[in-house]
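A short worksheet on the structure shown next.
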Amino acid sequence: MIDVAHQHPARRFPRKETLRAVLAVLRKERGPRWHLSVVFTNDRYMRRINRTFLGHNVVTDVIAFPLHDVMNIDGELYVNLDQAARQAKEEGAGVTEEVRRLLIHGTLHLLGYRDSTRTQRDRMRKLEERYLALLRRR
């Protein structure tokens, strides 16, 4: 089960696309029996989450909190739609593609993948590209 919430005051991302991106990863990596909450948010809220829970006073694009059975929820993803729009523009990509990438990236983190080292980052990037390509074909 995937719950989708829009905390952003103006921007929205389609629920159907959210489910496609997250389930593409879950089905291949671990199976779809997960309960996740996905919250689409803005710069201000993302900075607050970072400061409160991670001790960083910065804006980021995605934060993943694995919860492991806390209130029957396996994890929460927070996706910053403002940052996604900026990154899409910088990369010359569409916003939909960038949000998909962030959803995939965050889901991989929930599954235990890390990106602290160059090797880990390269592995995650390859997985992101594989899942993005899979979504493009569908």
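Numbering starts at 1 and runs along the sequence shown.
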Is there a side chain to side chain contact (heavy atoms under 4.5 Å, CB included) between Leu103 and Val79? Walk through the geometry before answering. CA-CA 7 Å; Leu103 288 164; Val79 178; 3.8 Å; yes

Is there a side chain to side chain contact (heavy atoms under 4.5 Å, CB included) between Leu23 and Ile2 once you walk through the steps? CA-CA 9 Å; Leu23 287 173; Ile2 301 170; 3.8 Å; yes

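- Side chain to side chain, Thr41 and Gln7 meet the donor-acceptor criterion of an N or O pair below 3.5 Å.
- The minimum heavy-atom distance between Ala64 and Gly106, with the atom names listed, is CB-O, 3.5 Å.
- Note on Val39 and Val59: separate hydrophobic clusters, where clusters join Ile, Leu, Val, Met, Phe, Trp and Tyr whose side-chain heavy atoms are under 4.5 Å apart, directly or indirectly.
- Tracing side-chain contacts under 4.5 Å through hydrophobic residues (I, L, V, M, F, W, Y), one reaches Tyr45 starting from Ile63; they form part of the same cluster.
- Contacts of Thr117 classified as side-chain contact (heavy atoms from CB on, under 4.5 Å), with partners at least two apart in sequence or in another chain: Thr119, Gln120.
- Judged as a salt bridge (charged side-chain N to carboxylate O under 4.0 Å, His left out), the pairs with a partner in residues 9-23 (not counting sequence neighbours) are, in order, Arg11-Asp82, Glu17-Arg20, Glu17-Arg100.
- Listed by first and then second residue, the ring pair (Phe, Tyr, Trp, His ring centres under 6.0 Å) pairs that reach into residues 80-103 come to none, sequence neighbours excluded.
- Scored by the ring pair (Phe, Tyr, Trp, His ring centres under 6.0 Å) test, His6 finds Phe40 as partners (sequence neighbours excluded).
- In this structure His109 satisfies the ring pair (Phe, Tyr, Trp, His ring centres under 6.0 Å) test together with His105, sequence neighbours excluded.
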Please test Ile49 against Phe65 for side chain to side chain contact (heavy atoms under 4.5 Å, CB included), starting from the C-alpha separation and ending with a verdict. CA-CA 11 Å; Ile49 293 169; Phe65 291 108; 3.8 Å; yes

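- With Leu36 as the partner, the side-chain contact (heavy atoms from CB on, under 4.5 Å) test is satisfied by one option alone out of Val22, Leu67, Thr18: Val22.
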Any chance you could lay out the side chain to side chain contact (heavy atoms under 4.5 Å, CB included) test for Tyr113 and Leu127, step after step, and finish with the verdict? CA-CA 10 Å; Tyr113 289 92; Leu127 287 169; 3.4 Å; yes

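- Under the salt bridge (charged side-chain N to carboxylate O under 4.0 Å, His left out) criterion, no residue pair touches residues 103-121, with sequence neighbours excluded.
- Asn50 and Thr60 share a donor-acceptor pair across their side chains, judged by distance under 3.5 Å alone.
- Considering only heavy atoms from C-beta on, Leu110 comes within 4.5 Å of Leu77 through its side chain.
- Using modelled atom types, one finds a donor on one side chain and an acceptor on the other under 3.5 Å when comparing Gln87 with Gln83.
- The salt bridge (charged side-chain N to carboxylate O under 4.0 Å, His left out) search around Asp43 returns Arg86, not counting sequence neighbours.
- Nearest heavy atoms, Leu102 versus Ala84: CD1-CB, 3.7 Å.
- Distance CG/Asn42 to NE2/His8: 5.0 Å, rounded to 0.5 Å.
- A search for side-chain hydrogen bond (donor to acceptor under 3.5 Å, both in side chains) contacts involving Arg101 returns Glu98, Glu128, not counting sequence neighbours.
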Extract all donor-acceptor atom pairs below 3.5 Å that involve side chains of residues 130-137 and protein atoms in other chains or at least two apart in sequence.
| unit_1 | atom_1 | unit_2 | atom_2 | d |
| --- | --- | --- | --- | --- |
| Tyr131 | OH | Glu29 | OE2 | 2.6 |
| Arg136 | NE | Glu97 | OE2 | 2.9 |
| Arg136 | NH2 | Glu97 | OE2 | 2.3 |

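- Residues passing the side-chain hydrogen bond (donor to acceptor under 3.5 Å, both in side chains) test with Thr96: none are found, sequence neighbours excluded.
- Note on residues 44-59: no pairs pass salt bridge (charged side-chain N to carboxylate O under 4.0 Å, His left out), not counting sequence neighbours.
- Expressed to the nearest 0.5 Å, how far CH2 of Trp34 lies from CG of Leu26 amounts to 6.5 Å.
- Under the 3.5 Å distance criterion, with hydrogens and angles disregarded, a donor-acceptor pair is assigned to the side chains of Asp3 and His35.
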